[in-house]
Amino acid sequence: MIKHARTHGLAVIPRGAGHSTSGQAQAPEGFVLDMTSLATIHDISPTQVVVDAGARWSDVLRATLPHGLTPPVLTDYLELTVGGTLSVGGLGGASHHHGAQTDNVLSLEVVTPAGETITCAPTSNREIFDAVRAGRGRNGVITRATLRLIPAPEFVQWHKLHCTDTDQLVADQRLLVNAGTFGYVEGQLKIRDGHHVAELEAVAFNASQGNLNGLAFQDIETQSTTYWDFLNRLASGEPLLREAGLWDSPHPWCNVLVPSSAAEGLLQHLQQELGADLYSDFGLVLAYPLISSKITTPRLRLPPGDLVFLIAALRYSPTDAPDVVTAMQQANDVLVTKALNAGGTLYLAPL
Ligand SMILES: Cc1cc2nc3c(=O)[nH]c(=O)nc-3n(C[C@H](O)[C@H](O)[C@H](O)COP(=O)(O)OP(=O)(O)OC[C@H]3O[C@@H](n4cnc5c(N)ncnc54)[C@H](O)[C@@H]3O)c2cc1C
């Protein structure tokens, strides 16, 4: 198909689970390749797994966890495809230890824009390896990936720390990721029962992790759970969103990477606009602290600084409400301008 399209000057865009929110997996007047039928999980060894690019991360985990193994970094939601997240980066709460998912790929099988199938890795066809990781499907189609595996945690202690405000949330996040004492660190702002909530999630993956000394949070909820239940925590949200009619409706989401020094200001701004008008009752803001040196994927452009934050405004518009979508997009434009002015970069935006 790629050779045919090339001959006729048409675009070919691969599509994984199609969860991108700004048409990244669309090809106006061209071809969209549905990758989801290419979803076999191949060999699993103690250090790696070979998977087809259309496999979802939940499928990968269902295959590796029985062997006591896991990819080091998972996205919050597991029903995204391997090819889809490797084409953007793939950041999660473990990225401050392990980088992006694209930093944990050992090799890739790729169909190049010329229609040739090649294997690429850090030591062979390096240019192609670097062009397709976080390449948004524009530099070749990933058909198969060899992913790094590590031992899966058998111990999961999940803390939700409630902070008085965004400044305290950011300060505690900085402290935790610099100390490296938790396996997973993320944060979120939301409105629940009419109150603003600034919540830091910190997860210990073994008994030696979990030092909370020096943090300024107000109160804490702690639960022990299985690794799978923790990773798959968003699965219960899907039926709720479907019931509320917000699953197939527009999601003008906006993701920016900003220097650590800009995190408080941007989160204060986003906290002020949180509410039904620009988010719906389900919307929220996420903040992931990241250690820059762990992220080495060339196309995943980071702002300057040793520590940076991924900030995501997750907005849900009702169906058939173009005015609401416009207002949400305008709010995103403001966020993007503020982020770029602060030296930030865009994550997940169309190329
Ligand atoms: C509920 C939810 C939670 C999320 N959480 C996170 C998170 O925690 N961290 C994070 O980093 N991101 C997160 N994301 C964003 C997500 O990583 C990206 O939107 C991702 O691209 C979606 O994967 P997909 O399979 O749906 O890809 P698609 O939307 O289908 O495609 C995304 C891009 O990848 C390209 N592409 C797809 N497959 C291939 C392939 N095989 N070869 C080459 N290019 C390909 C497409 O052309 C497109 O440009 C989340 C998204 C959702 C909906």
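When a ligand or atom number is given, it counts from 1 through the structure's own listing order.
The ligand atoms of ligand 1 that sit less than 4.0 angstrom from a heavy atom of A53 are 41 (N).
Proximity of T143 to ligand 1, defined as any heavy-atom pair under 4.0 Å, is not found for any part of the residue. The backbone and the side chain of T81 each have at least one atom closer than 4.0 Å to an atom of ligand 1 (non-hydrogen atoms only). Within the 4.0 Å heavy-atom criterion, both parts of A17, backbone and side chain, lie near ligand 1. With a heavy-atom cut-off of 4.0 Å, M35 touches ligand 1 through its side chain alone. Only the side chain of W253 comes within 4.0 Å of ligand 1, judged by heavy-atom distances. Only the side chain of I13 comes within 4.0 Å of ligand 1, judged by heavy-atom distances.
For the pair Y77/E238, a side-chain contact is recorded, criterion being any heavy-atom separation below 4.5 Å from C-beta on. With contacts defined as side-chain heavy-atom distances shorter than 4.5 Å, the pair M328/H251 does not qualify. Proximity of E273 to R315: side-chain heavy atoms (C-beta onward) are separated by under 4.5 Å at one or more points. Residues L74 and Q101 have side chains in contact (heavy-atom distance under 4.5 Å, counting atoms from C-beta outward).
Considering backbone and side-chain atoms alike, R15 places every N or O at 3.5 Å or more from each N or O of ligand 1. Residue contacts with ligand 1: I142 is placed with a nitrogen or oxygen under 3.5 Å of a nitrogen or oxygen of the ligand (distance criterion only).
Crowding of N206 atom CG: a count of heavy atoms from other residues, nucleotides or ligands under 6.0 Å exceeding 12. Shown here is R301, whose CZ atom has no more than 12 heavy atoms of other residues, nucleotides or ligands within 6.0 Å.
Two rings, from F217 and H159, have their centers 6.0 Å or more apart.
Closest to atom 3 (C) of ligand 1, if we only count protein heavy atoms, is Y77 CB, 3.3 Å. What sits closest to atom 16 (C) of ligand 1 on the protein, heavy atoms only, is L80 CD1, 3.8 Å.
Taking each of A25, P14, G84, G137 in turn, the one with a heavy atom nearest to atom 47 (O) of ligand 1 proves to be P14. The closest non-hydrogen atom to atom 33 (C) of ligand 1, taken over S95, G140, S20, G16, comes from S20.
W57 pairs with exactly one of T85, T81, T75, N232 by the side chain to side chain donor-acceptor pair (under 3.5 Å) rule, that one being T85.
The closest approach between any non-hydrogen atom of G92 and ligand 1 is not below 4.0 Å. Using 4.0 Å as the threshold, H251 has no heavy atom nearer than that to any atom of ligand 1. Ligand 1 has at least one atom lying under 4.0 Å from a heavy atom of G90.
Aromatic ring pairs are classed by plane angle as parallel below 30°, tilted from 30° to 60° and perpendicular above 60°; the pair H4 and H8 is tilted.
The residues D76 and R233 are annotated as salt-bridged, a charged nitrogen and a carboxylate oxygen being separated by less than 4.0 angstrom.
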